[in-house]
Number of protein chains: 4
Amino acid sequence: MADSVLVAGASGYAGALAARLIDRHPHFELAAVTSRSDVGTRLDELYPHHRVSKVLEELDLDTHADVDAAIVAYPHGAAAPLVAALRERGVKVVDLSADFRLHDVATYEQWYVPHAHPELINTARYGLPELHRESLHGADLVAGPGCFPTAALLALAPLARAGVITDAVIDAKTGVSGAGRAATAKTHFVSVDENVAAYGVGHHRHMPEIDQELARLGAEITPVFTPHLLPLDQGELVSCYVTTDRAIDQDSLAELYADAYADEPFIELVDRPPGVRDVRETNLCRIQVHADERTGKAFVFAAIDNLWKGTASQAVQSLNLMVGRPEVEGVEP
Amino acid sequence: MADSVLVAGASGYAGALAARLIDRHPHFELAAVTSRSDVGTRLDELYPHHRVSKVLEELDLDTHADVDAAIVAYPHGAAAPLVAALRERGVKVVDLSADFRLHDVATYEQWYVPHAHPELINTARYGLPELHRESLHGADLVAGPGCFPTAALLALAPLARAGVITDAVIDAKTGVSGAGRAATAKTHFVSVDENVAAYGVGHHRHMPEIDQELARLGAEITPVFTPHLLPLDQGELVSCYVTTDRAIDQDSLAELYADAYADEPFIELVDRPPGVRDVRETNLCRIQVHADERTGKAFVFAAIDNLWKGTASQAVQSLNLMVGRPEVEGVEP
Amino acid sequence: MADSVLVAGASGYAGALAARLIDRHPHFELAAVTSRSDVGTRLDELYPHHRVSKVLEELDLDTHADVDAAIVAYPHGAAAPLVAALRERGVKVVDLSADFRLHDVATYEQWYVPHAHPELINTARYGLPELHRESLHGADLVAGPGCFPTAALLALAPLARAGVITDAVIDAKTGVSGAGRAATAKTHFVSVDENVAAYGVGHHRHMPEIDQELARLGAEITPVFTPHLLPLDQGELVSCYVTTDRAIDQDSLAELYADAYADEPFIELVDRPPGVRDVRETNLCRIQVHADERTGKAFVFAAIDNLWKGTASQAVQSLNLMVGRPEVEGVEP
Amino acid sequence: MADSVLVAGASGYAGALAARLIDRHPHFELAAVTSRSDVGTRLDELYPHHRVSKVLEELDLDTHADVDAAIVAYPHGAAAPLVAALRERGVKVVDLSADFRLHDVATYEQWYVPHAHPELINTARYGLPELHRESLHGADLVAGPGCFPTAALLALAPLARAGVITDAVIDAKTGVSGAGRAATAKTHFVSVDENVAAYGVGHHRHMPEIDQELARLGAEITPVFTPHLLPLDQGELVSCYVTTDRAIDQDSLAELYADAYADEPFIELVDRPPGVRDVRETNLCRIQVHADERTGKAFVFAAIDNLWKGTASQAVQSLNLMVGRPEVEGVEP
């Protein structure tokens, strides 16, 4: 029998896509979509291309919590109370916000806001199946990774686990959907068109998440991480330049990644630079490695769709594992 | 009296823009525009927005070399013989190709093709006025820098001259006009649109030029340099992550750049990330420096218009110096 | 048992997408993909996002014609001989070229080239299922409509069948993929970006096709038809301004279209202007009608994806009918 | 001696560009820039590429009205009171809003809002110099035309004056800057990118303006006018399909337009479809005429830059005439 799934915060880009993926999922049933801003609007009025005809409702835990699982697409800070309420009612949750990504409350509160439910942090699993699959089987609460950490960690994990990284520069490029649906000066077409610029220089909130997870994989480093905004809607590329404690030639590097990822259904190892177009609207991460003879560094390029693998489809991938379904169900490339 | 200027190779993006800038220049007179591919076509049929009505002619040195100066916009390899012929006739030349950028013939021939006129290499000055202004006064032959080296060297020069750089990563982003006017799979709209990918990974021809010039400025390093192609027409951003041999705080870093560039008419020092839109269709380079506390590195972001400061308007800036005109004449922001 | 399908000309945009749709179709089996230009290349090297790993082969009728059906994606003129050869061997064919769209040989030859197989013209059905469904059931040869005629005819058919049209202006806007994969000055990113212009003014090859089919539906008119090239990759919008022989109010107009299309699985009638983004990568046509009080005209706006409903997915829709499968199979929105 | 000019409402796209054009004008002096939303901000922080370093001030008529002229870039409704106050103080005004474009108060109030200063309407001249040059010489109050009317009227005027138009369809395409600087769902990058759709269908505010001015030129018609939003920042194309009361062949049509416009400094008559890129950042209008043999209609395509000729540079063109300067001064192509 189908598992029923609530998508809370379905009027934003990530929530709306999650609703679509659940709606078309062969096993899940989309129970309801809720919104804090567009109650009463049909979702397909806001997002015709998702073709989900459900009407956005105001959240009412008495009715909406009567589901098997929920995907919460609220901003950080606002997510934690809802996640706590859902967990209290026994609902499995994938939270797309940052609220349960960082293990250290102080670090969270330094980069974000005071945490309303620190007691739940340790119950959350980090929802990057390629790196932490076992911990997701049957999990009750999963923190969906940030889009940049998703790409950066998939790019660096094999080297991090090999224990060879001494330094890394992660230069990231993202499409505008990563900035969300809010209409701001930053997301105005005229600001973005024919433009490219860095942002969040030196203080982007995905930094502590990347640091934490790299350390967990074995790389106790503080990498450079700088995102850039590009004139495209969906897609994210991370260009990683890694200093290692020993020389690694192309064959060894390729082998390291093949060992790690050859059997992964959502990772494509390629021998030319991946473009974000190659993975658009998929749950794939496409990776090229290059042992650079000139500089002695290892280069890793990883492309994802920030809304899919970077957020919503990865949430479904995790949800599949949480409830015992095939990992690729409903998010096949 | 006006100096007459020939633009050879005016059917390409760089040559056409050079022709426009010369055509509107208060001092120079556009003597003729020549082309190897579009003889008989009015330049404003190919490039309406430049509004240069001259007809593209087949090059004839007997008539076309009767000028005071020339801007040569030929591909590498093809440029050297024409430059030699023009120099022989006493014509001052700015060459936009790579043929006279590299001082070492062997290095040139390793990255490009056999050099037809190695004897001229040492007579050429490197046309980056902000760094080598004195050598351009009255010069007869100037090699216009590559667009990426222009941005990268302006970004790194103050640190290089301070002798503090031990390592650097230069992640570059460029619009499609940098790939030239040739219609290829790479420049097809559908290939570029909604996409971003690295290219020339580990083997881009601007590498030896950057290496050579950084060394000349005092930084004997082999930096990472990786360009990426973006869905925009004009504009280039270099994001430089520099490892230094000592700690440099924000004030010192800002002061270093202010000392170097405060009086430069074409450099804008800003305290937020420069966008390529900010310098579109200008000879400006807009630079932000950031002393990164997390990583201890110095970040430098520099934005230019690859066709203007990266190529054609910088050529005019050099030409002004070569013939004793005010440096900013005809290329004021 | 699966029907095997050959896609000939699979290295172009339309053929490659057809190959993908067949490859993922629950009933069809992709027998082979052939190409005249990229033999030996894996299709997913050219089109990673289609994820079809088959290698492009040189066409060999002895082996490749041993299929149940074929989709031919050759240029006009080149298609007819291949279609004839396949038909001779009993293969059902959907031809994506113009070779079998026009019923009158003289008209075809006036707009295109001499026709190699005029004897087959009358055996071909026009593959616009919403308008000619019955004739496609079990058909052996189907001419896939042009992308503009697809949108224009779906937009105008209800009014044409009502016999009320006296004049019409069809102003069309299309993305660059409609111009095909060939790299030309017209498809160069720098030509298209930040631009819009009409093309084919007064002499576009889709004109006689639109005229013929409108007449067949009951409107013996010569409409204005002017396409414009836009800076986007996929998507096509036709804006139709129709003069009618009687006044039609909004309710009547909406009812006319609801009667015609309410049950159509691939037509969405909407009450606000359709955007091409709404139908991207679908077989849908999204239509708004507006009875204009100021001018007394009927406006119809119709949006499709030129590569999908305008070409490849519509071909699969037709193929489903030709072999007795459910019409929506494999091309569900 | 220089005429001093105030730009009120300089934080919007049109006002900011007007400020730049005045700032660089050889005769005018930019006295002050005012804003209702960004007081205290330097204009070059909002618009680096305009390079106007003046700080936006709160409007204070006591000081700011002490100028020779003003360009008012306020929204409709808000403009009229300021225009009245400035006129009362003897300041010549170009108003970029709709407040003084429509001669009939009732029509204005039907399409816009109650008019605060109807007594001034008849003192305003319509600022389209190519059509009404004489009336602008020495004028005190000029209403800058809407961007769509500018392009549509330049496109249709020769035919209108010839008295031959019986019907017309004007299908317009515009970049996003036409929607202004306000960040809305409509101007969000993700809404516009890869999209095109009509808007204002049947009720766009430029309709009564086009009707009024066409009538004034001799065409008492109600044309279709439908704008479409395109993924580009600046640029506007109108495609006009004109029904005439007599047959007009290509030569006659071309001659009609040459007679009207051959000496106009800002009109380019061309024989292929004009693209908006051809006129980007200029005060030019580029026009092609096509006598269509198939349909008997006259087609006219006209491209402008909506912010330049469509708004700000045309205002400067008018201002030149108002104060007796050469018409092209400061806005030469």
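Since we're looking at a predicted model, the values are computed, not measured. First the proteins, then the strands, lettered A, B, ... as listed; each starts at 1.
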Polar contacts chain A-chain C (donor-acceptor, d < 3.5 Å, no H, no angle):
unit_1   : atom_1 : unit_2   : atom_2 : d
A:Glu45  : O      : C:Arg272 : NH2    : 2.5
A:Arg51  : NE     : C:Glu268 : OE2    : 2.8
A:Arg51  : NH1    : C:Asp278 : O      : 3.0
A:Arg51  : NH2    : C:Glu268 : OE1    : 2.9
A:Arg51  : NH2    : C:Glu268 : OE2    : 3.3
A:Arg51  : NH2    : C:Asp278 : O      : 2.7
A:Asp233 : OD2    : C:Arg277 : NH1    : 3.2
A:Asp233 : OD2    : C:Arg277 : NH2    : 2.5
A:Glu268 : OE1    : C:Arg51  : NH2    : 2.9
A:Glu268 : OE2    : C:Arg51  : NE     : 2.8
A:Glu268 : OE2    : C:Arg51  : NH2    : 3.3
A:Arg272 : NH2    : C:Glu45  : O      : 2.5
A:Arg277 : NH1    : C:Asp233 : OD2    : 3.2
A:Arg277 : NH2    : C:Asp233 : OD2    : 2.5
A:Asp278 : O      : C:Arg51  : NH1    : 3.1
A:Asp278 : O      : C:Arg51  : NH2    : 2.7

Open item on the list: Looking only at heavy atoms and a cut-off of under 4.5 Å, which of C:Pro333, C:Pro274, C:Gly275 has the most pairs with chain A?
Closed with: C:Pro333

Task: Contact winner vs chain C - A:Val270, A:Val279, A:Leu284, heavy-atom pairs under 4.5 Å - done: A:Leu284

Open item on the list: Please enumerate all residues that pass side-chain contact (heavy atoms from CB on, under 4.5 Å) together with C:Ala18, with sequence neighbours excluded.
Closed with: C:Val7, C:Ile71, C:Ala312

